[in-house]
A.B. asks: 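Here it is, the structure in full.
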Amino acid sequence: MRFPPPLRRVIAALAIAATAVAGSIVLAAPASAVDIGAGGYAPARPAGAAGPSDSGGAAVTPKVTSRMAGRAVPTNDWWSSLVFQRYAGNPYSENMYAHPLSFHANAGGISVGHPNTPAISSDGRMYEFVHQGDLNVGVTGLNAPRTEVDGWGDWSVTPRWSDGTRTLRATIGHGSPYVYAEAAGGGALVTFTGPASVWHNGGNVLGVTVNGRDYALFAPSGAAWTLTGTASASAPAAFFSVAALPSRGALPLFEKYAYSFVTDTRVSWSYDAAAARLRATYTATTTARQGTQTGTLQALYRHQWTNSADAVTAHRYVSPRGEMRLREGASFTTTATFNGVLPALPLAPGADRARLRAAVDAELNAADPYKGATDTYWTGKALWRLAALIPVANQIGHTAGRDKAIRLVKERLADWLTAGAGETSRLFAYDPAWKTLIGYPAGYGTDRELNDHHFHYGYYVLAGAMIAQHDPAWASDSQYGGMLKLLVKDAANYDRSDGRFPFLRNFDPYAGHAWASGHAGFAHGNNQESSSESMMFNAAAILLGQATGDTALRDMGIYQYTTEREAIGEYWFDADGAVFPSSYGHDTLGMVWGAGGGYSTWWTANAEEIHGINMLPITGGSLYNGAWKADIRQNIEELRASNGGRESEWRDVIWQFLAMADPAGALSLWLGADPAPEDGDSRAHAYHWISALDAWGTPDHSVTADVPAYAVLGKAAGKTYVAYNVSGSAVTVRFSDGQTLAVPARAMAWRGPAGSGTEPGGGGGPSPTPTPTSSPTVSPTPTVSPTVSPTPTPTQPGRVDARSTIQAEGYQAQSGTGLEDTSDTGGGKNVAFVSNGDWLRFDGVDFGNEAARQFRARVASGAGAGVSGLVQVRLDSPTAAPVGDFAVANTGGWQSWRTVAANISGVMGTHTVYITFSSGQPADFVNLNWFTFASD
């Protein structure tokens with residue numbers, strides 16, 4: 001919310017007082033803000049607020065050379081401990097895991113290892129390939145006081161050492177088996193740190209085995225290596241390289257590229273919407289330092305070589321990510337199918353709408369709908385929890401609930417996305433040294449350690465994208481979309497010309513996934529715990545990009561989404577059973593580390609959270625898990641085995657995850673328990689999700705669509721096609737199996753064996769039409785042409801005015817029902833004994849030429865527990881698609897009357913109206929006294 005300045009100062013003062021109680025020190029912010037549309041950010045951190053710091057709390061700045069000063073340096077990378085000094089006593093680096101090599105910088109250069117044998121921790125929770133230095137690459141006599149970064153690519157880095165006399169510059173990178181080194185002020189020096197034996201000596205080329213691993217040392221022609229026993233090798237060389245060999249027989253191949261130095265690494269991508277395909281190309285730029293040979297050797301991770309048609313050699317490496325395969329060449333391309341994302345699933349035809357409405361209202365009418373959230377993480381989760389209620393409320397016709405959820409999300413988002421004079425809380429501030437936006441109050445090290453920006457900010461972006469369906473102007477760049485995009489850019493800047501942020505801060509293109517730690521200051525390298533929150537960020541970027549017409553943003557999101565999906569399946573879930581060491585006793589990880597992986601979290605050893613942290617939040621972007629349904633079941637089985645029984649915490653999250661493979665089982669669990677949700681979720685959202693998958697089916701990735709916002713769900717009865725169109729014009733979506741789906745402007749539409757329907761945005765209500773059919777049809781969704789100020793037509797003789805009170809007992813025909821006396825106001829009779837399949841017919845109902853958009857009915861129910869059903873309106877045939885419906889369950893008794901309203905698609909003219917009744921149970925479920933129609 002954008003408060004006027006005086007009120008903002010009052011709120012800021014209250015925030016200062018509140019945080020002071022908690023022990024934080026927050027002082028006045030800068031006097032001006034940088035405006036971004038209707039929002040903005042502070043140009044510097046609030047005075048006294050925490051920023052990037054070492055473990056002792058001292059402020060730190062990027063450790064870069066003067067040549068790189070002022071540039072947006074990557075944090076949250078595999079090598080970030082080089083540039084972010086986490087510990088005052090170590091100005092070099094912590095262990096770094098590039099795979100297949102590992103590194104650790106020191107005063108004399110860089111320690112190089114190739115850990116290829118896993119160790120299992122004593123508690124069995126972690127497998128690890130911890131760095132063990134076999135070689136130290138340096139310059140004779142070098143004793144540098146610190147290491148600085150002198151350049152970087154998308155997955156490579158060039159650290160530099162200097163002691164005033166001698167200088168070393170080395171380039172290392174993901175997938176590279178080489179260290180490319182440049183020496184000044186002294187000669188090349190490679191020190192062996194374990195038992196060594198030389199098995200090839202070609203003068204300027206050495207083959208040496210250290211600690212049982214084979215390496216090659218390459219000096220320029222004429223610069224022979226001199227061995228000092230088995231301790232070291234030196235050469236009078238200004239440049240040289242060292243490589244880990246997959247076998248001794250590979251030495252000639254490695255010598256071929258030993259002098260072709262990598263100078264840059266870059267990823268590029270393109271999204272082919274018609275084919276639903278994302279192509280990514282990974283290119284290393286090289287320079288020949290001797291001769292003319294260019295190109296290089298690159299070891300591809302499993303998620304790369306399984307998705308690439310490019311040839312690889314027969315050479316292999318062991319790594320914490322499974323087998324790496326060596327490619328000869330400067331580039332390779334991967335291809336991934338994009339199976340779409342959605343803002344939400346469509347409502348299940350048989351969902352208990354009364355239950356959903358009650359659950360929605362429980363969240364919205366709470367004393368504090370934000371549940372006390374203050375920092376960026378819990379605020380983000382609160383925003384998503386409320387935003388997830390928007391489509392639920394909209395689909396059940398609860399427009400007041402929908403609009404309240406929209407208002408709550410807008411108000412809190414706008415408050416955070418603005419920064420006024422004197423404001424110190426609920427704002428984002430820019431750190432010009434580290435080129436980052438930090439939200440205050442921060443949480444979980446987003447300020448001091450630059451942790452988790454993609455986790456936290458993704459929730460804000462996703463909530464904003466949900467608003468776009470109903471208020472596209474609010475999400476436009478000129479209002480709050482500009483600030484939302486800036487949050488995306490902080491974590492995943494996709495515009496190389498935008499120097500305010502580093503390129504893809506959190507996402508590691510070569511590793512295929514994001515990293516959470518800003519500094520990577522750990523013996524096991526960097527880490528990421530919640531892969532699912534990272535995917536939430538990616539899905540949010542897609543939806544916001546699509547909503548605002550920003551295809552660059554959208555395509556970046558699709559690149560990260562498809563790439564990280566592959567990495568998660570391999571490295572968190574080991575879905576193919578080809579990555580985790582055979583001696584490791586777990587089938588899933590809570591955290592991936594540079595050195596391996598752990599069955600753990602940062603805060604608990606409880607199995608439910610270890611598994612659940614890679615499930616939550618459940619969103620319309622979570623359907624990627626459908627790619628490994630067998631592993632979902634295995635995941636739950638392992639959880640329960642580790643837990644000593646069925647889950648008792650986070651049951652909403654776990655059962656929504658289970659529903660992507662076993663929706664019937666998940667729904668049975670949910671209905672039998674109705675558990676309290678995890679703090680970032682709600683009962684309404686969880687029940688809506690589980691019941692939707694039970695009705696429509698689980699993700700079917702065999703069929704694609706030519707739009708980015710879609711899903712295909714499948715079960716034995718057939719496929720359900722879903723697509724979301726946030727644009728201002730209707731579209732026809734084409735699926736790869738030949739099916740099409742007409743989707744109105746700013747709406748979601750669906751069609752499948754269980755029925756079809758649309759959920760309109762822009763303030764509209766739902767028009768679900770659950771018509772069971774034996775197979776999906778291809779008929780387009782009808783649209784109603786707008787009219788301007790229509791004049792109602794008087795009812796003609798012999799016709800019934802649709803806007804009058806139409807007594808239920810006044811039908812012209814019926815099937816299955818009976819009559820009884822009513823105690824409702826006005827007395828008379830009501831239709832009773834109504835159950836599944838019954839219907840009433842009313843002839844000559846005249847709607848005139850003003851479209852009727854609401855159906856109201858007087859109903860009562862004494863149905864037993866678990867019994868409910870739908871009251872539906874159909875036109876001209878009892879089997880026509882319903883134009884509207886509502887759900888009803890027990891109202892307190894068969895004569896406890898309530899008036900229930902439902903939105904209908906605009907109806908004009910004269911029709912035979914059928915009131916039909918549908919239920920999943922055979923018992924009677926409703927009495928009907930009267931009904932009517934209205935224009936709004």
Side-chain angles (χ1 to χ4, degrees), residues 90-98 100-117 129-147 159-172 176-248 250-251 254-255 258-259 523:
N90 182 6
Y92 305 106
S93 83
E94 303 306 318
N95 290 345
M96 300 176 288
Y97 298 87
L101 298 180
S102 62
F103 306 99
H104 192 114
N106 54 69
I110 190 163
S111 171
V112 181
H114 174 218
N116 56 5
T117 303
F129 293 74
V130 177
H131 171 71
Q132 176 188 351
D134 294 330
L135 315 171
N136 202 79
V137 174
V139 176
T140 53
L142 177 65
N143 186 21
R146 64 192 245 133
T147 307
R160 183 179 182 272
W161 296 253
S162 180
D163 60 11
T165 302
R166 292 158 289 267
T167 299
L168 170 68
R169 191 174 184 271
T171 297
I172 55 178
S176 177
Y178 292 99
V179 178
Y180 305 100
E182 299 169 277
L189 176 65
V190 178
T191 303
F192 310 131
T193 58
S197 61
V198 176
W199 46 267
H200 175 86
N201 191 337
N204 67 317
V205 177
L206 285 182
V208 58
T209 299
V210 184
N211 296 323
R213 289 174 281 269
D214 293 328
Y215 292 89
L217 283 57
F218 303 99
S221 298
W225 291 99
T226 299
L227 288 163
T228 303
T230 58
S232 65
S234 58
F239 63 90
F240 61 104
S241 64
V242 173
L245 300 179
S247 67
R248 295 181 182 181
L251 180 60
F254 276 69
E255 184 176 1
Y259 308 104

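Here, residue 1 is the first one in the sequence, and each next residue gets the next number.
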A.B. asks: Determine the minimum heavy-atom distance between Ala105 and Thr147, stating which atoms define it.
C.D. replies: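 What the structure gives for the nearest pair is CB-OG1, 3.8 Å.
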A.B. asks: Minimum heavy-atom separation for Val198 and Leu206, please, with both atom names.
C.D. replies: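 Scanning both residues completely, I find the closest heavy atoms to be CG1-CD2, 4.3 Å.
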A.B. asks: Any side-chain donor paired with an acceptor under 3.5 Å for Asp134 and Asn211?
C.D. replies: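 Yes, because at least one side-chain N or O of Asp134 sits under 3.5 Å from a partner of the opposite role on Asn211.
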A.B. asks: I would like to know whether His114 and His131 meet side chain to side chain contact (heavy atoms under 4.5 Å, CB included); could you show each step before the answer?
C.D. replies: CA-CA 7 Å; His114 174 218; His131 171 71; over 6 Å; no
A.B. asks: Between Ala181 and Val137, which heavy-atom pair has the shortest distance, and what is it?
C.D. replies: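 Smallest interatomic distance, heavy atoms only, reads CB-CG1, 4.2 Å.
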A.B. asks: Less than 4.5 Å apart, side chain to side chain, heavy atoms only: is that true for Asn201 and Leu227?
C.D. replies: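 SC-SC contact between Asn201 and Leu227 confirmed.
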A.B. asks: Check for a donor-acceptor pair, side chain of Trp225 on one end and backbone N or O of Ala233 on the other, with a separation under 3.5 Å.
C.D. replies: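 Not confirmed, Trp225 side chain does not pair with Ala233 backbone.
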A.B. asks: Out of curiosity, Ile110 CD1 to Ser93 OG, how far, rounded to the nearest 0.5 Å?
C.D. replies: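 Result: 6.5 Å between the selected atoms.
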A.B. asks: Stepwise, does the side chain to side chain contact (heavy atoms under 4.5 Å, CB included) test hold for Leu135 with Ser111?
C.D. replies: CA-CA 6 Å; Leu135 315 171; Ser111 171; over 6 Å; no
A.B. asks: Identify the two heavy atoms, one from Ala219 and one from Tyr259, that lie closest to each other, and give their separation to 0.1 Å.
C.D. replies: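 Closest heavy-atom pair between Ala219 and Tyr259: O-OH, 2.6 Å.
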A.B. asks: Would Val130 and Tyr97 count as a side chain to side chain contact (heavy atoms under 4.5 Å, CB included) if you check the C-alpha gap in whole Å, the side-chain angles of each, and the deciding distance to 0.1 Å?
C.D. replies: CA-CA 9 Å; Val130 177; Tyr97 298 87; 3.8 Å; yes
A.B. asks: Closest approach of Leu101 and Ala244, non-hydrogen atoms and distance?
C.D. replies: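 Smallest heavy-atom distance, with atoms named: CD2-CB, 3.4 Å.
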A.B. asks: Judged by atom type as modelled, is there a donor-acceptor pair below 3.5 Å linking the side chain of Arg166 to the main-chain atoms of Gly186?
C.D. replies: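 No: the side chain of Arg166 does not pair with the backbone of Gly186.
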A.B. asks: Determine whether a donor-acceptor pair (N or O, by modelled atom type, separation under 3.5 Å) exists between the side chain of Tyr92 and the backbone of Gly108.
C.D. replies: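 Flag not set: sc Tyr92 to bb Gly108 has no pair under 3.5 Å.
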A.B. asks: Can you tell me how far the CD atom of Glu182 sits from the CZ atom of Arg160, to the nearest 0.5 Å?
C.D. replies: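 Answer rounded to 0.5 Å: 10.5 Å.
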A.B. asks: Applying ring-ring contact (aromatic ring centres under 6.0 Å, His included), name anything that partners Tyr178, two or more places apart in sequence or on another chain.
C.D. replies: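 In terms of ring-ring contact (aromatic ring centres under 6.0 Å, His included), with neighbours along the sequence ignored, Tyr178 is linked to Tyr180, Phe254.
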A.B. asks: Tell me if a side-chain donor or acceptor on Thr193 pairs with a main-chain N or O of Gly133 at a distance below 3.5 Å.
C.D. replies: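 A pair under 3.5 Å: yes.
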A.B. asks: Considering non-hydrogen atoms only, spot the tightest contact between Pro100 and Ser176 and give its length.
C.D. replies: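 Taking every non-hydrogen atom into account, CD-O, 4.0 Å.
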A.B. asks: Kindly compute the distance separating CG (Asn90) from CG (Asn106), expressed to the nearest 0.5 Å.
C.D. replies: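 Reported to 0.5 Å precision, the distance equals 9.5 Å.
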A.B. asks: Is any side-chain heavy atom of Phe239 less than 4.5 Å from a side-chain heavy atom of Pro220?
C.D. replies: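 Answer yes - side chains close enough.
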A.B. asks: Please confirm whether the backbone N or O of Thr167 pairs with a side-chain atom of Trp161, one donor and one acceptor, at under 3.5 Å?
C.D. replies: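 No, the answer is negative, given that no donor and acceptor are paired below the 3.5 Å cut-off.
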A.B. asks: Taking Ala188's backbone N and O only, do any of them form a donor-acceptor pair with Ser234's side chain (distance below 3.5 Å, no angle check)?
C.D. replies: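 Looks like no, no N/O pair under 3.5 Å.
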A.B. asks: Could you tell me whether the side chain of Asn95 and the main chain of Ala523 form a donor-acceptor pair under 3.5 Å?
C.D. replies: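 Between the backbone of Ala523 and the side chain of Asn95 there is a qualifying donor-acceptor contact (under 3.5 Å).
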A.B. asks: Is any side-chain heavy atom of Ile172 closer than 4.5 Å to one of Phe103?
C.D. replies: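 A side-chain contact exists here, since the closest heavy-atom pair is under 4.5 Å.
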A.B. asks: Have a look at Val208 and tell me which of Asp214, Leu217, Val242 forms a side chain to side chain contact (heavy atoms under 4.5 Å, CB included) with it.
C.D. replies: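 Among the candidates, only Leu217 passes.
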A.B. asks: Val205 and Leu251: side chain to side chain contact (heavy atoms under 4.5 Å, CB included), yes or no, with the steps?
C.D. replies: CA-CA 9 Å; Val205 177; Leu251 180 60; 4.2 Å; yes
A.B. asks: Are Val179 and Ser241 close enough that some pair of their side-chain heavy atoms sits under 4.5 Å apart?
C.D. replies: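 No, every pair of side-chain atoms sits at 4.5 Å or beyond.
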A.B. asks: In Å, rounded to the nearest 0.5 Å, how long is the span from CD of Glu255 to CG of Leu245?
C.D. replies: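 The CD atom of Glu255 sits 11.0 Å away from the CG atom of Leu245.
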